[in-house]
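Sequence positions, counted from 1, serve as the residue numbers for this chain. Quick caveat: nothing in here was measured; it's all calculated off a predicted structure.
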Amino acid sequence: MSQSLVILVLDLTGTFAFGLNGALTAVRAVRLDLVGVLVLGVMTALGGGIIRDVLLNVSPAAFTDVRYLAVATGGALLVFLLSVELERFTRLITVFDAVGLSVFCVTGASAALAAGLGSVQAVLLGVIAGVGGGTLRDVVMRRVPTVLTSDFYAVPALVGAVLVVVATNLGIQGLVGALVSAAVTFVLRMLGVHYGLSLPGPREGRSGTGES
């Protein structure tokens, strides 16, 4: 399987997962109607890819390939139609978000390397692509983006993007390298959610001492 085909397949997979995630969030968190569910689902699904392509100075795939819009809309519509049946699965929002995060950090880093960017730039773009859709979702819903409130959101994306760069430098390209990187990202994100993992925060001064 060629590298471009791998990126396309993973890109559409992440688009579908983020479409499901955005639509589930719309249904559960704010009880939007059909239009609202579709808008939030499609925005979440396509946001990261559009940001990635704009930064790479190429026409966003979402605007040139109808498959992206179809997959995003299909995922959102599926959630709307099955909203009652999906109510029992409370963790689906997190799972789909983790899938989208994992896939887009890989495709973002891979696309950057394919465009001739350096390793550091590829890692940065991978993280931006991974968190982009979820950030747009949260901003539209008027809440602090998950990437700013959860330490183990950007960190797994960072690890996944680094793995893509390392694999490419070692000559491990194609489906195997991409799937391993995405799988590691997904596992790290879910472990972070399950165990409430977080990075060390800033030290807080003692109250009542007059210290600022």
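Between the CD1 atom of Ile128 and the CD1 atom of Ile51 there is a distance of 8.0 Å, given to the nearest 0.5 Å. If you take OG1 on Thr64 and CG on Leu69, they are separated by 11.5 Å, rounding to the nearest 0.5 Å. For the atom pair CG of Leu12 and CG of Asp65, the computed distance is 7.0 Å after rounding to the nearest 0.5 Å. In this structure, CG in Leu197 is found 12.0 Å from CE in Met190, a value given to the nearest 0.5 Å. The distance from the CG atom of Leu86 to the CG atom of Leu82 is 5.5 Å, given to the nearest 0.5 Å.
The shortest distance between side-chain heavy atoms of Cys105 and Val127 does not fall below 4.5 Å. For the pair Phe80 and Leu38, the minimum side-chain heavy-atom distance is 4.5 Å or more. Within the 4.5 Å cutoff, no side-chain heavy atoms of Leu24 are placed close to those of Phe89. In this structure, Leu32 and Val39 have side chains that are not in contact, with every pair of non-hydrogen atoms separated by 4.5 Å or more. The shortest side-chain heavy-atom distance between Leu191 and His194 does not fall under the 4.5 Å cut-off. Looking only at side-chain heavy atoms (C-beta outward), Arg137 and Arg143 come within less than 4.5 Å of each other. With contacts defined as side-chain heavy-atom distances shorter than 4.5 Å, the pair Leu148/Tyr153 does not qualify. Residues Leu117 and Leu56 are in side-chain contact: their nearest non-hydrogen atoms beyond the backbone lie under 4.5 Å apart.
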Exercise for the section: Please lay out, stage by stage, how Leu136 and Thr44 fare under the test side-chain contact (heavy atoms from CB on, under 4.5 Å). Expected result: CA-CA 6 Å; Leu136 287 177; Thr44 306; over 6 Å; no

Can you list the steps and then say if Val159 with Thr185 is a side-chain contact (heavy atoms from CB on, under 4.5 Å)?
CA-CA 7 Å; Val159 172; Thr185 304; 5.5 Å; no

Problem - Val155 and Leu188: CA distance, side-chain angles, deciding distance, side-chain contact (heavy atoms from CB on, under 4.5 Å) verdict - result: CA-CA 8 Å; Val155 170; Leu188 286 177; 5.8 Å; no

ask   = Does the pair Thr15 and Arg67 meet the rule for a side-chain contact (heavy atoms from CB on, under 4.5 Å), with working shown?
value = CA-CA 10 Å; Thr15 298; Arg67 288 174 292 186; over 6 Å; no

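Sorted by first then second residue, the ring pair (Phe, Tyr, Trp, His ring centres under 6.0 Å) pairs that include residues 90-118, not counting sequence neighbours, are Phe18-Phe104.
Side-chain contact, Thr146 with Asp138: a donor N or O sits under 3.5 Å from an acceptor N or O.
Taking both residues in full, the closest heavy atoms of Ala112 and Leu125 are given as CB-CD2, 3.6 Å, listed atom of the first, atom of the second, then distance. Contact record, Gly36 with Ala26: O-CB, 4.4 Å, taken as the closest heavy-atom pair. Summarising the geometry of Ala157 relative to Leu101, their closest heavy-atom pair is CB-CD1, 3.8 Å, with the distance given to 0.1 Å. Gly126 and Ala161 get closest at one heavy-atom pair: CA-CB, 4.3 Å. When all heavy atoms of Ala129 and Gly108 are compared, the pair lying nearest together is CB-CA, 4.0 Å. Pairing each heavy atom of Ala154 with each of Val131, the nearest pair is CA-CG1, 4.5 Å.
Under the 4.5 Å side-chain contact rule for hydrophobic residues, Ile50 and Leu8 share a cluster. Placement of Val35 and Leu81 within a single hydrophobic cluster is found when ILVMFWY residues are connected by side-chain heavy-atom separations under 4.5 Å, directly or transitively. In the hydrophobic cluster analysis, where Ile, Leu, Val, Met, Phe, Trp and Tyr join through side-chain heavy atoms closer than 4.5 angstrom, Val193 is grouped apart from Phe152. Note on Leu170: it clusters hydrophobically with Leu113, by side-chain heavy-atom contacts below 4.5 Å among ILVMFWY residues. Side-chain heavy atoms closer than 4.5 Å link hydrophobic residues (I, L, V, M, F, W, Y) into clusters, and following such links, possibly through other members, connects Phe16 to Phe63.
The side-chain hydrogen bond (donor to acceptor under 3.5 Å, both in side chains) test applied to Ser102 returns no partner, not counting sequence neighbours. The salt bridge (charged side-chain N to carboxylate O under 4.0 Å, His left out) check on Asp53 picks up nothing, with sequence neighbours excluded. Applying the side-chain hydrogen bond (donor to acceptor under 3.5 Å, both in side chains) test to Arg91 and every residue at least two apart in sequence or in another chain returns nothing. Every side-chain hydrogen bond (donor to acceptor under 3.5 Å, both in side chains) that Arg52 has, sequence neighbours left out, goes to Asp11, Thr107.
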Side-chain donor/acceptor pairs under 3.5 Å, residues 175-183, sequence neighbours excluded:
{"residue": "Ser181", "atom": "OG", "partner": "Gly177", "partner atom": "O", "Å": "2.8"}

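More than 12 heavy atoms of other residues, nucleotides or ligands lie within 6.0 Å of CG in Asp33, so this atom counts as buried by the packing criterion.
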